[in-house]
*Asks:* 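Below you'll find the structure I mean.
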Amino acid sequence: MLRSARLRLTAWHVGVLALLLTSACLGLYTLLRHNYYDRADGVLTSVDTATVSMLGHQLSESGLDELAARDAVKTLNFPEHTLAIFDAQGDLLAEKPVGSTDRIPLPDAGHLTDGKISLYTARSLVNPSDLRRVAALRVTLDPSGRSYIVVSSRSLTPLLGELNTDRLILFLAVPGGLLIAGIAAWFLVRITLLPVAAMSEQARRIGAENLDQRLPVAKADDEFSQLAGTFNDLLSRLSAAFTLQRQFVADASHELRTPLSVIRTAAAVTLQPAARTEQEYREALSVIEGQAQRLTRMVDDMFKLARADAGGLTLDLTTFYLDEVVEEAVRTIGVLAASKEIAITTLIEDESLCEGDSALLRQMFINLLDNAVKYTPVGGAVEVVLEREGDQYVVRVKDNGLGISAENRGRVFHRFFRVDAAYQRANLNNLHTSGAGLGLSIALSIAETHRGTLYLDEAAGSGSVFVARVPCFQTVGSAAEKLLAQV
Ligand code: ADP
């Protein structure tokens, strides 16, 4: 196998051209040969016809066969041609030049049809290397009604010589043409493939550390520039993913550092030699436990997001009532809400049959409700609405808390993003917020894995409204779809 594309393309080019040139040359040679023979046959036919008419004229004057034939042959002058006239029995009446009839094999008189010219090629009897074209014509002339045979011939040697020259020229033209075409193709392919060579050279230089570099894009708007453009788009996406990944790792280590240092400090202070009461030990351990819980939640969240990024957040599809899942999430957060005297009111459509991953959806609603309660001051209100709009369910989680400023609206779904914690603590009466800025990212990826959306709606007045939209069913023709159709 040819491993170089350049060599392969050139070989294909030369191969196809060889086939074309050979067929064209063979066709041309056959045509030339046919034309040469046609021309020679035309002249021989004219010679025979002229001889017959001259013989008829002489016979009308003398009436004697031999005399008329001799006079006819003598009068006619066809250089390079032999001419002979025979009577019906095949006896020679006249010939020119003398002895020429001995040189050519004569036709069998019995096989000749009256008035029809017979053409054939034969070797000279004297010189076998001399091929001759012969024309024989049998005619019956008036008024005697006697038959004659006129035979003319010419040597094919000059004609064959011309044909040989033509053949030689064609024979040399094919390899010569192929050589030139091959060399031209070799360089042409090289020039054509130059952008590919440049691209692969540059691609070799690009690594994780310089993903901002791009492949050269040729000016011509051809397949290669499109390929380079596509690769560059891919590099941009990879680079963005890499940056995000790096950011994630940096943010994650930053977030993990705080609880770890709290744990370390709490342990170090407690372990100091001074005597401690049981109460102090308990307090230190409770701080450590709180921080350990926070760490566990953060690691769990990061693991979930990493799985979602790797496409590993697969849905465990079941059919269930979404209203029950929402109510369960409300009950879970109810304890936290009660501790802050926040009332959660619900407006939930009953028997909202749904197909999806109930555990993941529950997690999404818990994250939204947890935020609503967390970022609403004591005595606030949270409202949860579930309704069906066409073939999707819409869940609105509304609170009358701090709200989210316009500049932060687009960023709250970013990983590790938190609105200024100091500001929040001040507005939440020093309430400790333990989130790491991952809750909304996880909720968003759950909605998207369900082919749905999650967004922040414009809130009327203070507070925020988060809206989740998820399709009623994930698979076409599912049991949920059929049941829903009956409702
Ligand atoms: P966290 O775990 O910090 O709550 P999230 O990803 O859930 O992380 O939220 C990101 C940030 O968005 C929060 O730190 C908070 O500043 C803001 N936020 C989320 N929900 C609300 C809300 N209901 N009201 C006000 N701010 C919110």
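Excluded from the calculations below are hydrogen atoms, water molecules and symmetry mates; all remaining heavy atoms, backbone and side chain alike, are included.
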*Asks:* Nearest 0.5 Å, please: how far is CG in L188 from CG in L9?
*Replies:*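 Spacing of CG (L9) from CG (L188) equals 10.5 Å.
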*Asks:* What pair of heavy atoms forms the shortest contact from L119 to A135, and how long is it?
*Replies:*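 Here L119 and A135 meet closest at CD2-CB, 3.5 Å.
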*Asks:* Report the distance from atom CG of L454 to atom CG of L444, rounding to the nearest 0.5 Å.
*Replies:*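 Rounded to the nearest 0.5 Å, the CG-CG separation comes out at 5.5 Å.
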*Asks:* Enumerate the ring-ring contact (aromatic ring centres under 6.0 Å, His included) contacts for residues 202-253, please, sequence neighbours excluded, ordered by first and then second residue.
*Replies:*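 Checked against ring-ring contact (aromatic ring centres under 6.0 Å, His included) - neighbours excluded - the pairs reaching residues 202-253 are F248-F416.
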*Asks:* D323 versus E349: any side-chain heavy-atom pair under 4.5 Å?
*Replies:*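 SC-SC contact between D323 and E349 ruled out.
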*Asks:* For D316, does its backbone N or O pair with a side-chain atom of D357 as donor and acceptor, under 3.5 Å?
*Replies:*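 Judged by distance alone, yes, a pair lies under 3.5 Å.
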*Asks:* Tell me if a side-chain donor or acceptor on S441 pairs with a main-chain N or O of F413 at a distance below 3.5 Å.
*Replies:*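 Checked: pair present.
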*Asks:* Considering only distance and modelled atom types, tabulate donor-acceptor pairs under 3.5 Å from the side chains of residues 19-31, sequence neighbours left out.
*Replies:*
from	atom 1	to	atom 2	distance (Å)
T22	OG1	A18	O	2.5
S23	OG	L19	O	2.5
Y29	OH	R167	NH1	2.9
T30	OG1	L26	O	2.6

*Asks:* Quick check: does any side chain N or O of H254 sit under 3.5 Å from a backbone N or O of A252, one acting as donor and the other as acceptor?
*Replies:*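 Not a single qualifying donor-acceptor pair exists.
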*Asks:* Taking side chain as C-beta onward, heavy atoms only, is L156 less than 4.5 Å from Y37?
*Replies:*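 Heavy-atom side-chain distance check passes, below 4.5 Å.
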*Asks:* Which residue pairs pass the side chain to side chain donor-acceptor pair (under 3.5 Å) test with at least one member in residues 171-181, sequence neighbours excluded?
*Replies:*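 Side chain to side chain donor-acceptor pair (under 3.5 Å) check on residues 171-181 returns no pairs.
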*Asks:* R388 and C472: side-chain contact (heavy atoms from CB on, under 4.5 Å), yes or no, with the steps?
*Replies:* CA-CA 8 Å; R388 192 174 142 195; C472 299; 4.2 Å; yes
*Asks:* For residues S405 and V419, determine if any side-chain heavy atom of one lies less than 4.5 Å from a side-chain heavy atom of the other.
*Replies:*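 Answer no - side chains too far apart.
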*Asks:* Just wondering, more than 12 heavy atoms not from E407 lying within 6.0 Å of its CD?
*Replies:*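 More than 12 within 6.0 Å, yes.
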*Asks:* Is there a side-chain contact between R469 and R396 in this structure, where contact means two heavy atoms from C-beta onward sitting under 4.5 Å apart?
*Replies:*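 In contact.
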*Asks:* Return each pair, listed once, that meets side chain to side chain donor-acceptor pair (under 3.5 Å) where at least one residue sits in residues 193-214; pairs must be two or more places apart or across chains.
*Replies:*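 Only E201-R204, Q202-R205, Q202-Q213, R214-S236 qualify under side chain to side chain donor-acceptor pair (under 3.5 Å).
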*Asks:* Return yes when atom OH of Y455 has more than 12 non-hydrogen atoms of other residues, nucleotides or ligands closer than 6.0 Å, and no otherwise.
*Replies:*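 Buried by this count: over 12 neighbours within 6.0 Å.
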*Asks:* Would a distance-only check, ignoring hydrogens and angles, find a side-chain to backbone donor-acceptor pair under 3.5 Å from Y393 to L353?
*Replies:*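 Indeed, once roles are kept as given, a pair shorter than 3.5 Å links the two residues.
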*Asks:* For N371 and V397, run side-chain contact (heavy atoms from CB on, under 4.5 Å): C-alpha distance rounded to whole Å, both residues' side-chain angles, the deciding distance at 0.1 Å, then the answer.
*Replies:* CA-CA 10 Å; N371 280 349; V397 179; over 6 Å; no
*Asks:* For the atom pair CD1 (I348) and CD (E324), what is the distance rounded to the nearest 0.5 Å?
*Replies:*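 Reported value, rounded in 0.5 Å steps: 10.5 Å.
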*Asks:* Apply side-chain hydrogen bond (donor to acceptor under 3.5 Å, both in side chains) to S124 and N127, showing your working.
*Replies:* CA-CA 5 Å; S124 162; N127 175 13; 5.8 Å; no
*Asks:* Starting at OG1 of T319, measure out to CD of Q474 and round the result to the nearest 0.5 Å.
*Replies:*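 Interatomic distance, T319 OG1 to Q474 CD, rounded to 0.5 Å: 10.5 Å.
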*Asks:* Looking at every non-hydrogen atom in both residues, tell me the closest pair between P216 and A228 and how far apart they are.
*Replies:*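 Residues P216 and A228, closest heavy atoms: O-CB, 3.6 Å.
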*Asks:* Could you check whether any side-chain heavy atom of L235 comes within less than 4.5 Å of a side-chain heavy atom of N232, counting everything from C-beta outward?
*Replies:*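 Answer yes - side chains close enough.
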*Asks:* Got F86 and D91 here, is their nearest side-chain heavy-atom distance under 4.5 Å?
*Replies:*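 Answer no - side chains too far apart.
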*Asks:* Assess whether side-chain contact (heavy atoms from CB on, under 4.5 Å) is satisfied between V150 and L83, documenting all intermediate values.
*Replies:* CA-CA 7 Å; V150 175; L83 191 58; 4.3 Å; yes
*Asks:* Could you report the tightest heavy-atom contact between M364 and A443, atom names first, then the distance?
*Replies:*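 Heavy-atom minimum between the residues: SD-O, 3.5 Å.
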*Asks:* What distance separates L238 CG from I206 CD1, expressed to the nearest 0.5 Å?
*Replies:*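 Separation between the atoms: 10.5 Å.
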*Asks:* Decide yes or no for L227 and E223: does some side-chain heavy atom of the first lie under 4.5 Å from some side-chain heavy atom of the second?
*Replies:*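 In short, these two side chains do not touch, never coming nearer than 4.5 Å.
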*Asks:* Got more than 12 heavy atoms from elsewhere within 6.0 Å of CZ, F187?
*Replies:*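 No.
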*Asks:* Can you run down the side chain to side chain donor-acceptor pair (under 3.5 Å) pairs that involve residues 146-158, sequence neighbours left out, and say none if there aren't any?
*Replies:*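 For residues 146-158: D48-S152, D65-R146, D65-Y148, T82-S153, D130-S155, D130-T157, R132-S153, T140-S147, R146-Y148, S155-T157.
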*Asks:* Can you find a heavy atom in the side chain of N164 that is under 4.5 Å from one in the side chain of L168?
*Replies:*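 Not in contact.
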*Asks:* Quick one: side chain to side chain donor-acceptor pair (under 3.5 Å) pairs with a partner in residues 178-190, sequence neighbours left out?
*Replies:*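 Non-adjacent pairs meeting side chain to side chain donor-acceptor pair (under 3.5 Å): zero.
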*Asks:* To the nearest 0.5 Å, how far apart are CD in Q363 and CG in L368?
*Replies:*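 If I round to the nearest 0.5 Å, the distance is 10.0 Å.
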*Asks:* If you compare all heavy atoms of L438 against all heavy atoms of M298, which two are closest, and at what distance to 0.1 Å?
*Replies:*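 Nearest heavy atoms, L438 then M298: CD1-O, 4.2 Å.
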*Asks:* How far apart are the closest heavy atoms of L92 and A84, and which atoms are they?
*Replies:*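 Taking every non-hydrogen atom into account, CD1-CB, 4.0 Å.
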*Asks:* Could you tell me whether the side chain of R123 and the main chain of L125 form a donor-acceptor pair under 3.5 Å?
*Replies:*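 Such a contact is absent between R123 side chain and L125 backbone.
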*Asks:* What is the minimum heavy-atom distance between M302 and L256, and which atoms define it?
*Replies:*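 Taking every non-hydrogen atom into account, CE-CD1, 4.0 Å.
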*Asks:* Assess the residue pair Q58 and K74 against the criterion (side-chain contact (heavy atoms from CB on, under 4.5 Å)); give the C-alpha distance rounded to whole Å, side-chain angles, the decisive distance to 0.1 Å, and a yes or no.
*Replies:* CA-CA 11 Å; Q58 295 298 339; K74 204 159 92 189; over 6 Å; no
*Asks:* Backbone N or O of T230 within a donor-acceptor pair of the Q226 side chain at under 3.5 Å?
*Replies:*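 Absent.
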